[in-house]
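Encoded as structure tokens, the structure appears first; notes follow it.
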Number of protein chains: 2
Amino acid sequence: MTAILLDGNATSKAIRAEIARDTARLTAATGVVPKLAAILAGDDPASATYVQMKARASAKAGIESVTYPITNDAPESEVRHRLAQLNADPTVHGILIQHPLPKHMDEPSILSDLSAEKDVDGIAPISLGRLVAGLDSFHSCTPEGMIELLKRYNLPIAGKHAVVVGRSVILGKPLALLLLAENATVTICHSRTPNLAEITRQADILCAAVGRPELIKGDMIKPGAVVLDAGYNKVEGRAKDVGDVEFESALQVASAITPVPGGVGPMTIAMLLRNTLTAAARAAGFSLEPETV
Amino acid sequence: MTAILLDGNATSKAIRAEIARDTARLTAATGVVPKLAAILAGDDPASATYVQMKARASAKAGIESVTYPITNDAPESEVRHRLAQLNADPTVHGILIQHPLPKHMDEPSILSDLSAEKDVDGIAPISLGRLVAGLDSFHSCTPEGMIELLKRYNLPIAGKHAVVVGRSVILGKPLALLLLAENATVTICHSRTPNLAEITRQADILCAAVGRPELIKGDMIKPGAVVLDAGYNKVEGRAKDVGDVEFESALQVASAITPVPGGVGPMTIAMLLRNTLTAAARAAGFSLEPETV
């Protein structure tokens, strides 16, 4: 068996085209242009690249974006003041606080101040809590993108055993909650799981979200499983980023798998833009139904 | 093998004695008497009984309690006004909104208004979100009591495979998150899990929290497993409430098990009182360390 490839690039592109179409509808009907504001604190070069990429993708979808750089040694109050201003600004529909913040800042406390209505990145505690409670909220974009990828490929989730390897706040935990909401039986594994292979081999849907290059080998995968790889690891001597799954061996066992790059990664930004559009439509009292999925 | 019984009555009593001792220390040092306010809306007789029971247990622990009854046909605004007043009242340290609220009220929206500092029942979305994010918060009392029972009996959680049957917002989901925070590998099963027995038989720690009488039989339990039964089901023709576990058959297989009644149940109120004491101590700026566990 050779697995089919779940093409995140093509899927993300299709979704972004839908978003561009719906943004145009919103703007034509209401005059509102969705606006995404990013707070970029510190001097992490990867963060700067991500924010630029997001700005470019926003522009293509008809979404205005603005970035607020804050220097690495700025006081925490500078982030807080900017956030308060963006929370209060009715022309701003989505707010992104680029992770990581400089080390001297209390990131969880800052995130707690983020307005739930504008938390298009889905990482504020209130958004996570509303997800647990089954209430409407924005969801963390990478896990949301993984679910969306399964849906776009008509891969069933309900009744399946999904195994999530990794338990981070932005990835593993919200992913487990989203899979549960889709009626999967869900197992969460992590660094303290003694018999990882025994558990991963039970997965109908195996999600690697742990940040350890090629941790999951082909022999840890149940034949016919769907494998989603959210890993994105830099490995010395390797030209491309490496996933959490050993791709070549997994490809022989799985029925479907995301490549790295070009699998899970491109879905994240599509979900961010969709959430921003949704936030703008809600603020404008405009219904995107029935055209939007 | 016959399982040892995890005695929730005795454990709860011991914890409540610790709370009474610490409450006396707090009050002696600061003059503050912890105060728990309960909003009892509607005419559910079980709710009225619970609230009475909580009031009695509070009094024994030196905690003041006050109940605000609201009639079944009162407008939602009456609950909201009472809640706003209690949120603002510095003499009130813990607020309990007795579930279920009358059907015409928007319970999730009301819970969203509950101050996180006073949510001693741990059920507001913000408390759930802080639990996901790994931030300090009050935890839902029944799952917290189940974890506490394991700890008091020195039953290890880290590295174990815990299986939670049930995914309610106040029980299954927070329990799974608490077990995960204790470094268990965690599987969540529910009504849409096709092969329940296959999963439950893998559990080192099996938690039944589903509200279906005797769903879990002895042959669904791994020999030597620890079994926690949060079920509390009324069954016609049975004198006592019945758990989610078939007790007699489970007793022969498990290494430790909670009886129903007298297992998980009594732990809930102990956790509620402990949370109220903690909230009062924090508000007073008083450290309960080192005596309190």
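Each chain gets a letter, A, B and so on, in the order the sequences are listed, and its residues count up from 1. It should be emphasised that the depicted structure is a prediction, and the values quoted were computed from it without experimental measurement.
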Residue, of A/S127, A/A158, A/A184, that accumulates the most heavy atom pairs under 4.5 Å with chain B:
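Winner by heavy-atom pair count: A/A184.
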
Who wins among A/L196, A/V169, A/V164 for the most heavy-atom pairs under 4.5 Å with chain B?
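Most heavy-atom pairs within the cutoff with chain B belong to A/V169.
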
For chain A, which candidate among B/I126, B/I123, B/V186 shows the most heavy-atom pairs at distances under 4.5 Å?
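Of the options given, most contacts go to B/V186.
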
Option in B/N195, B/N183, B/L177, B/L128 with maximal non-hydrogen atom pairs under 4.5 Å from chain A:
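Ranked by contacts with chain A, first place is B/N183.
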
[X] portion near chain B, given a 4.5 angstrom heavy-atom threshold:
X      : answer
A/Q202 : side chain
A/L111 : neither
A/S112 : side chain
A/R167 : side chain
A/A124 : neither

Quick one: do B/K151 and B/E182 make a salt bridge, cutoff under 4.0 Å?
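Answer for the salt bridge query: yes.
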
Test: A/R152 and A/E148 ion pair at under 4.0 Å
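Yes, this pair counts.
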
So what's closer than 4.5 Å to chain A heavy atoms on B/L135: side chain, backbone, both or neither?
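Side chain only.
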
Interface moiety of B/I199 toward chain A, non-hydrogen atoms closer than 4.5 Å
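The side chain, not the backbone.
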
Atom NE2 of A/H104: over 12 foreign heavy atoms under 6.0 Å:
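Atom NE2 in A/H104 is packed in, count exceeds 12.
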
Do A/R212 and A/Y232 meet the cation-pi criteria used here (NZ or CZ under 6.0 Å from the six-membered ring centre, within 45° of the axis)?
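Output no; distance or angle outside limits.
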
